[in-house]
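Have a look at the structure below, then the notes.
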Protein chains: 2
Amino acid sequence: MQRKRVTQKDVAAVAGVSTATVMRVLYEQGYVAEETRKVVEEAIQRTGYHVNAVARSLRHQRTTSIGHILHSLVPNPFFAGVALGVEEEASRWGWKLLMISVRDDERRERLGVETFIQQQVDAIIFTTPISEENVQVALDAGIFVVQVERPTTIPTPSVIVDNYTGAIQAMEHLIALGHKRIAYIGIDPELLRAQHHFGRYVEEERLKGYLDSLHKHQIPLNKRFLDLGAHSSFNRTIPLTLSQSLRDMIVHAERPTAIFASTDTLAAHVLQQLHDYRLRVPDDISIISFDDTYAPYLTPPLTTVAQPMMEIGKAAVHLILDHFQEEPSALDAFQQKKLATHLVVRSSTASIL
Amino acid sequence: MQRKRVTQKDVAAVAGVSTATVMRVLYEQGYVAEETRKVVEEAIQRTGYHVNAVARSLRHQRTTSIGHILHSLVPNPFFAGVALGVEEEASRWGWKLLMISVRDDERRERLGVETFIQQQVDAIIFTTPISEENVQVALDAGIFVVQVERPTTIPTPSVIVDNYTGAIQAMEHLIALGHKRIAYIGIDPELLRAQHHFGRYVEEERLKGYLDSLHKHQIPLNKRFLDLGAHSSFNRTIPLTLSQSLRDMIVHAERPTAIFASTDTLAAHVLQQLHDYRLRVPDDISIISFDDTYAPYLTPPLTTVAQPMMEIGKAAVHLILDHFQEEPSALDAFQQKKLATHLVVRSSTASIL
DNA sequence: CTGAAAGCGCTAACAT
DNA sequence: ATGTTAGCGCTTTCAG
């Protein structure tokens with residue numbers, strides 16, 4: 001267990017050459033006599049030398065590292081999925097990854113940005129930015145920024161998911177199965193708008209997909225089948241509002257034959273409630289949801305619109321990689337990648353008969 | 001958007017002082033005339049200066065950063081939980097966090113260690129080390145190492161969970177409810193031993209808790225009630241072996257009144273199977289599990305032995321913090337923190353009557 | 001084919 | 001109260 005860090009200079013001394021020669025061996029460039037190469041390689045082995053990336057970064061004025069700012073790894077597996085995608089793709093290309101979770105807190109997000117600036121990261125990924133100002137701070141420090149899923153009005157490269165089409169996919173599936181009385185349980189976009197003052201709203205697009213599908217198939221909207229609660233995706237508590245409005249739907253003579261829940265988490269709660277009401281899924285009522293996080297583990301396994309979580313992370317990294325490529329490829333500007341969802345059919349949806 | 005990075009020297013130039021004075025202002029130490037302080041602070045503002053942590057680290061020979069090597073953020077939420085604990089505690093104390101996921105692959109783990117050595121991290125956390133050699137490599141580079149949950153035979157500070165007592169808690173709960181015919185569904189420790197050649201085995205301890213509880217309460221072990229399959233915690237596929245052996249238990253005249261599943265994931269699969277057999281939980285059969293990851297989302301919400309995932313991560317960080325504290329406190333050596341589980345009672349277990 | 005030396009930005013000991 | 005300077009480890013001309 002060697003306490004002292006061994007440097008290039010040490011290697012050079014042991015090999016009896018200069019550091020310049022050690023470099024040439026390390027990066028296999030320039031002329032080095034076969035003889036000297038041997039000696040140097042041996043010295044590297046013997047001393048157990050590792051390049052010092054800190055010194056290297058200082059010299060290069062490049063750290064080859066990405067800072068990832070996200071909300072929280074739990075309980076919403078969406079973030080863990082994206083984080084994993086970012087991590088895998090970054091390390092695949094030799095980039096280092098710094099990560100920080102901010103739990104929907106603007107001040108913590110700021111702290112994260114400041115930390116990353118000091119760390120001299122080459123790029124920052126906001127997996128859902130919270131404050132426009134913070135994005136601007138990163139930009140002002142000359143850092144390349146990628147915004148994921150809910151970009152601010154500040155134009156930067158970004159990655160988003162096509163939630164609208166995803167919702168259509170869910171509806172088409174239900175309608176193809178003969179369902180007409182389809183309920184929607186989601187989060188009220190108005191409420192979100194009150195909290196966040198910019199950008200697009202995932203929930204809004206899913207809702208719109210629901211509404212437009214009904215319209216397209218000439219199914220009149222039944223207000224009783226619409227539950228837009230204050231359900232948060234950031235905590236585990238079963239929203240009381242859900243049990244309330246769900247009961248209203250259920251006890252009514254003309255109850256829905258299918259429910260479209262806007263997230264897996266919500267669907268999980270719905271499943272629990274239906275169980276209490278002794279309603280069987282999908283025999284008595286079909287359920288479809290969005291995300292594909294908890295879906296495969298539930299009973300019955302849920303038919304759901306899967307989000308490409310890993311792909312989101314990877315796409316974000318690729319935007320960065322592209323930017324730092326030798327040929328800046330001009331098209332750089334404000335690339336926005338829109339990723340598609342796909343329907344995963346499991347056992348929670350059935351034909352109406 | 002300023003392209004060029006501004007340095008201390010720039011600030012000094014703008015303020016018309018030396019960098020030493022800028023330093024004194026930055027760190028509020030030493031004498032600085034009130035007048036000059038003002039001027040310097042203004043210059044910092046105006047130029048938008050941020051300290052360069054890379055240069056700082058090089059100078060200090062300390063990066064104040066932790067490298068976290070874990071298996072994978074998904075699908076097992078255990079890792080996400082630990083990772084979050086590590087992240088939160090690290091950033092709470094001003095430490096940077098590098099993270100890398102290795103998917104149970106020894107070579108990737110090695111790569112991670114090498115990367116972290118080059119990055120000059122001050123400490124590495126292995127959330128479940130894979131190879132002893134890799135741990136040794138980190139140690140040889142003079143890095144402080146913390147091993148989590150499944151320490152190798154190489155003695156370093158570590159954090160583990162008291163799985164044995166956790167299993168006892170589960171069993172005591174079931175037995176108190178009057179259950180005697182209790183089945184156990186878990187992973188075969190022998191199989192794990194074939195893959196990993198060191199350390200303790202989480203599954204073994206849980207199994208032992210089950211066995212010892214039976215013994216203590218003088219309940220004879222029924223081999224038919226023991227299912228030790230090759231179920232992996234790293235993938236989502238429902239193990240065929242599970243459905244097979246579970247059916248054997250269920251169809252038999254004398255079936256278990258309760259099942260203890262060694263992980264939430266396994267329990268989720270069991271729930272799906274029981275549903276197919278039209279068995280109601282907990283009316284026909286009780287289920288208890290271990291982890292508290294998926295448990296609250298399932299139907300019915302599972303009674304489970306919760307692992308303190310966040311605490312594990314935080315404890316690991318504290319071991320590091322303690323070590324780097326001014327007063328080395330002697331007791332440093334090979335601290336091992338053992339964390340307790342706690343029983344969370346929900347709706348999947350009922351009295352036998 | 002190999003070596004000497006400057007400098008990335010910050011810090012701290014030493015001057016003044 | 002403020003300034004000068006050496007050097008952390010690595011990279012890259014430029015000489016030889």
Side-chain angles (χ1 to χ4, degrees), chain A residues 2-41 43-44 47-65 96 117-122 141-142, chain B residues 2-41 43-44 47-65 96 117-122 141-142:
Chain A
Q2 56 203 72
R3 281 277 99 210
K4 201 195 160 300
R5 301 251 148 108
V6 10
T7 75
Q8 222 176 69
K9 214 161 124 192
D10 298 328
V11 175
V14 169
V17 298
S18 73
T19 61
T21 300
V22 175
M23 288 269 356
R24 285 187 269 257
V25 172
L26 277 177
Y27 299 111
E28 299 172 328
Q29 55 166 251
Y31 303 90
V32 187
E34 197 46 49
E35 186 65 10
T36 13
R37 151 164 285 117
K38 279 267 167 53
V39 178
V40 171
E41 273 166 354
I44 290 176
T47 54
Y49 170 75
H50 295 271
V51 289
N52 181 327
V54 173
R56 196 170 203 272
S57 292
L58 178 60
R59 176 64 227 240
H60 272 149
Q61 296 292 78
R62 264 300 243 33
T63 54
T64 327
S65 67
K96 269 74 73 181
I117 292 175
Q118 296 186 182
Q119 283 305 302
Q120 313 286 110
V121 299
D122 298 320
Chain B
Q2 56 203 72
R3 281 276 99 211
K4 204 199 158 297
R5 302 253 148 107
V6 8
T7 74
Q8 223 176 71
K9 213 160 125 192
D10 298 327
V11 175
V14 170
V17 298
S18 73
T19 61
T21 301
V22 175
M23 289 265 357
R24 286 186 268 257
V25 172
L26 278 177
Y27 299 110
E28 299 172 329
Q29 53 168 250
Y31 303 91
V32 187
E34 198 45 49
E35 187 63 12
T36 14
R37 150 163 286 118
K38 279 266 166 53
V39 178
V40 172
E41 273 165 356
I44 291 175
T47 54
Y49 169 76
H50 295 271
V51 287
N52 181 328
V54 173
R56 195 170 204 273
S57 292
L58 179 60
R59 177 64 228 241
H60 273 149
Q61 297 290 78
R62 266 296 246 36
T63 54
T64 327
S65 68
K96 270 74 73 181
I117 292 175
Q118 295 186 186
Q119 284 305 304
Q120 314 285 112
V121 300
D122 297 320

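For clarity, every value in this text was computed on a predicted model and none was experimentally measured. Every chain is numbered from 1, with letters handed out A, B, ... down the list of sequences.
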Could you work out which one of [options] sits closest to the side chain of [X]?
X	options	answer
A/Y49	D/dA1, D/dC10, C/dC10	D/dC10
A/V17	D/dT5, C/dG3, C/dG9	C/dG3
A/T7	D/dA1, D/dG9, C/dT2	D/dG9
B/T19	D/dT5, D/dC10, D/dT2	D/dT5
B/T21	D/dG3, C/dG3, C/dG9	D/dG3
A/A20	D/dC10, C/dG9, C/dA4	C/dA4

Could you give the distance from [atom1] ([X]) to [atom2] ([Y]), rounded to the nearest 0.5 Å?
X	Y	atom1	atom2	result
A/Q120	B/H50	CD	NE2	9.5 Å
A/L58	B/N52	CG	CG	6.5 Å
B/T63	B/Q119	OG1	CD	8.5 Å

Output yes when at least one side-chain N/O atom of [X] is less than 4.0 Å from OP1 or OP2 of [N], else no.
X	N	value
B/R56	C/dG9	no
B/S18	D/dG3	yes
A/H60	D/dT12	yes
A/T36	C/dT2	yes

(request) Using the test side-chain hydrogen bond (donor to acceptor under 3.5 Å, both in side chains), find all partners of A/Y31 that sit at least two apart in sequence or belong to another chain. (result)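 Checked A/Y31 against side-chain hydrogen bond (donor to acceptor under 3.5 Å, both in side chains); zero matches.
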Could you check how far [atom1] of [X] sits from [atom2] of [N], rounded to whole Å?
X	N	atom1	atom2	answer
A/Y31	C/dG3	OH	P	17 Å
B/R62	C/dA12	CZ	P	12 Å
A/R24	D/dT11	CZ	P	13 Å
B/E35	D/dT2	CD	C1'	14 Å
A/Q118	C/dC10	CD	P	10 Å
B/L58	D/dG7	CG	C1'	9 Å
B/I44	C/dC10	CD1	P	11 Å
B/M23	D/dT4	CE	P	16 Å

(message) Which is more 5' along DNA chain C, the nucleotide nearest A/Q61 or the one nearest A/G16? Just name the residue.
(response)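 Here A/G16 is the residue nearer the 5' end.
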(request) For A/V51, answer base if it contacts any base atom (sugar-phosphate contacts may also be present), sugar-phosphate if it contacts only those atoms, and nothing otherwise; contact means non-hydrogen atoms under 4.0 Å. (result)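 Answer is sugar-phosphate: A/V51 comes under 4.0 Å of backbone atoms only.
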(message) Taking any heavy-atom pair under 4.0 Å as a contact, classify A/S57: base, sugar-phosphate, or nothing.
(response)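 If one applies the 4.0 Å heavy-atom cut-off, A/S57 turns out to touch nothing in the nucleic acid.
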(message) Is it the case that the side chain of A/T47 and the backbone of A/A43 share a donor-acceptor pair, with hydrogens and angles ignored and the cut-off at 3.5 Å?
(response)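 Checked: pair present.
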(message) Taking donor-acceptor contacts at under 3.5 Å, does the side chain of A/R59 reach the base of C/dG9?
(response)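 Checked by distance alone, the answer is no.
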(request) Sequence neighbours left out, what passes salt bridge (charged side-chain N to carboxylate O under 4.0 Å, His left out) with A/R59? Give chain and number order. (result)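 Checked A/R59 against salt bridge (charged side-chain N to carboxylate O under 4.0 Å, His left out); zero matches.
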